[in-house]
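Below is one structure, written out as structure tokens; comments come after it.
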Amino acid sequence: MSFDFGVIAGNWRFLLLQGLLGIGAFGGGTLALALPAIVLGFGVGILVALARLSRFQVLYYPASLYVQVIRGVPLVMVIFWFWFFIPIALGIALSQYGVALIAFVVFEAAYLGEIIRAGIQSVPRGQVEAGRATGLGYRAVMGDIVLPQALRNMLPSLVTQFIILVKDTSLASIVGYMDLTKAAQTVNQREIRPFELYLFIALVYWILTFGMSRLSRALERRLRPDQPVRALATDRIAGPARPPGGRET
Amino acid sequence: MTLLLALQYQFEWSVLWTAPYGRWLLQGIVTTLEISALAWLLAAALGGLFGAFRTMSGLGPRGLAAAYVEFFRNVPLLVWMFFWYFGVPQVLPATAQDWLNRHGGEFVAAVVALGVYHGARLAEVVRAGIQSVPPTQLEAALSTGLTVGQAYRRVLVPIAVRLIVPPLTNESLNLLKNSSLALTISVTEVTFMTRQIEAYTAKGFEAITAGTLIYLGLCLVVAAVMSRVERRLAIPGLVVRTEGAEH
């Protein structure tokens with residue numbers, strides 16, 4: 001039983017620059033994967049949420065099936081889908097980065113979509129009616145009135161999911177992507193100091209995710225309006241598990 | 001062109017049930033269930049203990065629980081898998097290392113990694129459950145002469161357990177799905193087996209489809225069981241069950 005944290009002193013540059021930021025011979029980088037995945041996942045998530053709330057069955061049913069299937073399958077499986085299926089189905093080989101990014105967006109958009117849907121449903125229905133009454137169309141009501149308020153309501157759960165996504169990017173190392181986890185594995189092959197190395201990257205991940213949760217708390221305080229937007233259970237745009245062809249949004 | 005390539009792939013679904021691949025899948029399911037069940041017990045014990053600690057007034061238990069939850073929850077499970085499997089034996093005495101090597105250390109590491117990680121997540125669920133019990137319940141329990149420990153054990157926890165069944169179901173499903181990460185430390189669970197079938201037969205499409213359907217099936221079964229538990233445990237009038245609640 002012996003510790004040698006000199007291994008961190010000798011390799012922190014490689015771990016942080018290459019693994020976390022992706023600066024170096026291997027490319028890669030945890031943040032280079034996490035940030036685009038968050039932005040794209042959020043965008044696709046909004047579309048999924050709108051489809052789940054849609055009165056058009058051609059949108060509602062496929063979106064619901066997608067969400068249910070993804071939520072019942074581990075992320076590793078989804079990564080393997082894209083690792084094996086895309087080469088077979090399309091006859092093109094994707095880079096590790098491409099596979100990982102597509103898999104994360106497809107996987108996280110299902111979870112983000114449900115959070116966004118709940119956020120949209122937390123906006124009082126009167127807001128929509130007032131918007132429609134002034135003559136605004138669906139896009140204006142959604143984009144200018146409902147979504148900004150929904151965003152504020154769902155910020156805590158949204159950031160929680162973003163934190164999960166950052167942690168999930170470690171799985172890209174399974175298909176060989178050079179992220180923080182893979183960088184630690186690479187150093188470990190040479191140094192054989194797993195205890196120190198994995199504890200160190202655990203700390204790096206922790207600082208990253210803890211920083212995100214602190215940032216979100218500060219943001220929540222700033223966004224908090226004088227009058228919190230609250231909705232009664234009976235005053236929602238659409239209830240959960242609404243029958244298809246229900247009320248107009 | 002792309003369509004042509006797609007058509008060149010020869011489907012051979014029979015690999016899923018011919019020997020030895022069919023047996024591999026069954027073994028994988030058994031191993032997945034074993035890891036998940038043992039890790040769940042560990043997670044429930046840790047989550048119950050530290051979740052209760054987090055609601056106590058004493059700074060010691062509360063600080064300890066906060067440190068446990070915040071550290072283990074905010075680091076990727078994959079890193080914990082590597083830490084418990086590769087890292088921890090390094091600091092154990094030689095006899096303990098030998099024992100682990102002879103008794104399937106990767107299985108133990110997977111159970112501990114999953115259990116400790118999800119214990120931290122369950123502690124938050126338990127804390128929220130306890131905090132949602134009206135404080136008058138504690139006051140009433142204490143006024144009947146129960147000690148704080150008894151009040152927790154006999155009054156607060158039984159009520160909180162019922163309140164947390166839906167989020168507990170969610171976490172149990174997460175644990176089951178996350179057991180797939182044990183493949184990275186060579187535990188022969190479902191995902192590992194589907195990869196192995198792919199490696200032996202080059203029938204990745206079939207193998208991964210089978211793995212996907214197995215997880216979907218297991219999740220459905222767990223959700224159904226938990227929904228029964230929820231109905232059985234419900235105290236009339238206490239827990240208002242929302243219609244069509246997400247699991």
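Excluded from the calculations below are hydrogen atoms, water molecules and symmetry mates; all remaining heavy atoms, backbone and side chain alike, are included. Convention: sequence-line order gives letters A, B, ...; per-chain numbering from 1.
- Of the two parts of Thr194(B), only the side chain, counted from C-beta on, holds a non-hydrogen atom closer than 4.5 Å to a non-hydrogen atom of chain A.
- Put simply, the side chain of Asp168(A) reaches to within 4.5 Å of the side chain of Phe107(A), judged on heavy atoms.
- Heavy atoms closer than 4.5 Å to chain B are found nowhere in Ser213(A), neither backbone nor side chain.
- Taking the six-membered ring for Trp, Phe205(B) and Phe84(A) have ring centres at least 6.0 Å apart.
- Leu213(B) does not touch chain A: none of its heavy atoms, backbone or side chain, sits under 4.5 Å away.
- With a 4.5 Å cut-off on side-chain heavy atoms, Pro74(A) and Tyr215(B) count as touching.
- When all heavy atoms of Pro89(B) and Trp84(B) are compared, the pair lying nearest together is CD-O, 3.4 Å.
- Comparing Val79(B), Ile208(B), Leu181(B) by how many heavy-atom pairs each has under 4.5 Å with chain A, the most go to Ile208(B).
- Top candidate by heavy-atom pairs under 4.5 Å with chain A, chosen from Ser180(B), Ala94(B), Gly204(B), Gly217(B), is Ser180(B).
- Thr184(B) touches chain A through its side chain: at least one heavy atom from C-beta onward sits under 4.5 Å away, while N, CA, C and O do not.
- Contact of the Thr32(B) side chain with the Thr191(B) side chain is not registered, since no non-hydrogen atoms from C-beta on lie closer than 4.5 Å.
- Only the side chain of Thr181(A) comes within contact range of chain B, with at least one heavy atom under 4.5 Å from a heavy atom of that chain.
- With a 4.5 angstrom heavy-atom cutoff, Val69(A) touches chain B via backbone and side-chain atoms both.
- Of all non-hydrogen atoms in Ile8(A) and Glu196(A), the two that sit nearest each other are CD1-O, 3.6 Å.
- In this structure, chain A has heavy atoms under 4.5 Å from both the backbone and the side chain of Phe71(B).
- Checked against the 6.0 Å centroid threshold, Phe200(A) and Trp12(A) do not count as a close aromatic pair.
- Between chain B and the options Ile174(A), Ile163(A), Leu171(A), heavy-atom pairs under 4.5 Å are most frequent for Leu171(A).
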